[in-house]
Amino acid sequence: MSSGDWGPDWELDYYSRPILESDGKKRWELLISSTPEVGSEDPCFRFVKACPATSVNSIWLREALEQAFGEATDQGFAAPRRLRCWRGSMRTMVQRAAEGLALELVPSRRCYALVNWLQEREREVYPLEDGYMAGPLAPAPLPIRAVAVPLPEAARGDRWAWATLPLKDLAEAPDWEMGFQGLVPLPEGLDPEAPVPGIRLFSATRSLAMAGWMAGLEPVRLEIADQQLVLEAGLEDRWLLTNLEASEAKTAAQAFADSRQRAGGLQFVAIQADEEETRFEGFWLLRDLPDA
């Protein structure tokens, strides 16, 4: 298969659900959602398959993935090149299942379409099932956070700055001149004037290299913790961007809290050669979702 034949990435969750089966065991379920293509109105591929608790293993999962491939083909969807797995506890099992299926496994919480679907099923599907147990869908995937590690020297910019963009401007992001990028569909029903907070990183000589390095991180969200500005990425990586003054940290933390309320948790990271440059060597939209 040529590179042009690949379809969008698949986001996968293989985990127990808040439903007790007749044998007293929790239901397990495989959910797959293709990553939406920003700016496209084409539907996403979705696949759901229940798994008996006694059959939870990589063999069952591999067979289910093969079934999903078949259904995707029947529906006119191209096969993905990459498979994103958002739970660290299931990474090894998913890796074993993906072996031999021409899939690159990407451990990542950057599974926004999947998380949205999980939240939708928690509200509208599981409560209607026999054996439903009220409560959260699942415990947070990362209850213990890793210590933030300073960026490597090669990935540090010459300077950085806070930035804000109205939501309506981000709707035009697919048309911007960008190198490396990671855009996500904007949430619907929000105020188009809602301010979206972010940061801009500048380097006159290393901006492209910085963007390439960050593209491999799977950036998830920005966080202000203990007067530190931290970039969370992958499944559990935390990168220290800079230390902040107490007053600056307080103001920034409030901006990000407001963003969750007004702009659906959106944030962004931009990498440019300088402040006057219109091209982005790298631009990523992030979403701070409750279950992500």
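Being a predicted model, the structure only gives us computed values, none of them experimental.
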Asn57 (side chain) donor-acceptor with Ile59 (main chain) under 3.5 angstrom: yes

Derivation and outcome, side-chain contact (heavy atoms from CB on, under 4.5 Å), residues Ile32 and Leu65: CA-CA 9 Å; Ile32 295 172; Leu65 284 171; 3.8 Å; yes

Test: Arg121 and Glu29 ion pair at under 4.0 Å: yes

hydrophobic_cluster_shared for Val106 and Leu12, side chain cutoff 4.5 Å: no

side-chain contact (heavy atoms from CB on, under 4.5 Å) between Asp258 and Gln254, worked out: CA-CA 6 Å; Asp258 291 344; Gln254 185 61 53; 2.8 Å; yes

Phe283 side chain near Trp176 side chain, heavy-atom distance below 4.5 Å: yes

Leu285 side chain near Leu170 side chain, heavy-atom distance below 4.5 Å: yes

Rounded distance [0.5 Å steps], CG in Asp9 versus SG in Cys111: 9.0 Å

Interatomic spacing from CD in Glu245 to CD in Gln227 - rounded to 0.5 Å: 7.5 Å

Stepwise side-chain contact (heavy atoms from CB on, under 4.5 Å) check, Met214 with Met210: CA-CA 6 Å; Met214 189 166 290; Met210 288 168 56; over 6 Å; no

Pairs meeting criterion side-chain hydrogen bond (donor to acceptor under 3.5 Å, both in side chains) with involvement of residues 201-219, two or more places apart: Arg84-Glu218, Ser108-Glu218

Single-linkage hydrophobic cluster, 4.5 Å side-chain cutoff, Leu240 and Leu201 together: no

Heavy atoms of other groups near Asp74 CG, more than 12 under 6.0 Å: yes

Shortest non-hydrogen contact between Pro195 and Thr164, atoms and distance: CB-CG2, 3.4 Å

Test applied, side chain to side chain contact (heavy atoms under 4.5 Å, CB included); reference residue, Arg287; option that passes from Leu186, Asn116, Val115: Asn116

Arg109 side chain near Glu236 side chain, heavy-atom distance below 4.5 Å: no

Minimum-distance pair of heavy atoms, taken over all atoms of Val220 and Tyr112: O-OH, 3.1 Å

Of Trp6, Phe69, Phe47, Phe45, the residue whose pairing with Phe77 passes ring pair (Phe, Tyr, Trp, His ring centres under 6.0 Å): Phe45

Thr35 and Glu11: CA distance, side-chain angles, deciding distance, side chain to side chain donor-acceptor pair (under 3.5 Å) verdict: CA-CA 7 Å; Thr35 300; Glu11 304 169 9; 2.7 Å; yes

Side chain proximity check, Ile224 to Val230, heavy atoms < 4.5 angstrom: no

Value rounded to 0.5 Å, distance of CG in Leu61 from OG in Ser55: 12.0 Å

Closest heavy-atom pair and its distance - Arg27, Glu21: NE-OE2, 2.9 Å

Point-to-point distance, once rounded to the nearest 0.5 Å, from CD1 of Ile19 to CG of Asp130: 9.0 Å

Where Leu266 and Val196 come nearest, the two heavy atoms and their spacing: O-CG1, 3.5 Å

Closest non-hydrogen atom pair between Phe202 and Ala273, with its separation: CB-O, 4.2 Å

Met90 CE to Leu30 CG distance, which is reported to the nearest 0.5 Å: 10.0 Å

Residue pairs passing the salt bridge (Lys or Arg N to Asp or Glu O under 4.0 Å) test where at least one lies in residues 90-104, sequence neighbours excluded: Arg81-Glu104

Any donor-acceptor N or O pair under 3.5 Å, side chains Arg200, Gln272: yes

Minimum side-chain heavy-atom gap Tyr14-Cys51 below 4.5 Å: yes

Shared hydrophobic cluster for Val184 and Trp284 (ILVMFWY, side-chain gaps under 4.5 Å): yes

4.5 Å side-chain heavy-atom contact, Leu167 and Glu193: no

Separation between CH2 of Trp239 and CD of Glu232, rounded to the nearest 0.5 Å: 13.0 Å

Derivation of the side chain to side chain donor-acceptor pair (under 3.5 Å) call for Trp162 and Glu248: CA-CA 11 Å; Trp162 296 111; Glu248 184 180 17; 2.8 Å; yes

Name each donor-acceptor pair under 3.5 Å that joins a side chain in residues 154-161 to protein atoms two or more places apart or in another chain, with its distance.
from   : atom 1 : to     : atom 2 : distance (Å)
Arg156 : NE     : Leu151 : O      : 2.7
Arg156 : NH1    : Glu153 : OE1    : 3.3
Arg156 : NH2    : Leu151 : O      : 2.8
Asp158 : OD2    : Ala204 : N      : 3.1
Arg159 : NE     : Glu275 : OE2    : 2.9
Arg159 : NH2    : Glu275 : OE1    : 2.9

Working for side-chain contact (heavy atoms from CB on, under 4.5 Å), residues Val269 and Leu222: CA-CA 9 Å; Val269 175; Leu222 294 164; 4.1 Å; yes

Contact check, side chains of Phe280 and Ile271, non-hydrogen atoms, under 4.5 Å: no

Beyond-backbone contact of Cys85 with Trp10, side-chain heavy atoms, under 4.5 angstrom: no

Distance-minimising heavy-atom pair for Leu103 and Pro80: CD2-O, 3.6 Å

Salt bridge present between Arg17 and Glu122 (N-O < 4.0 angstrom): no

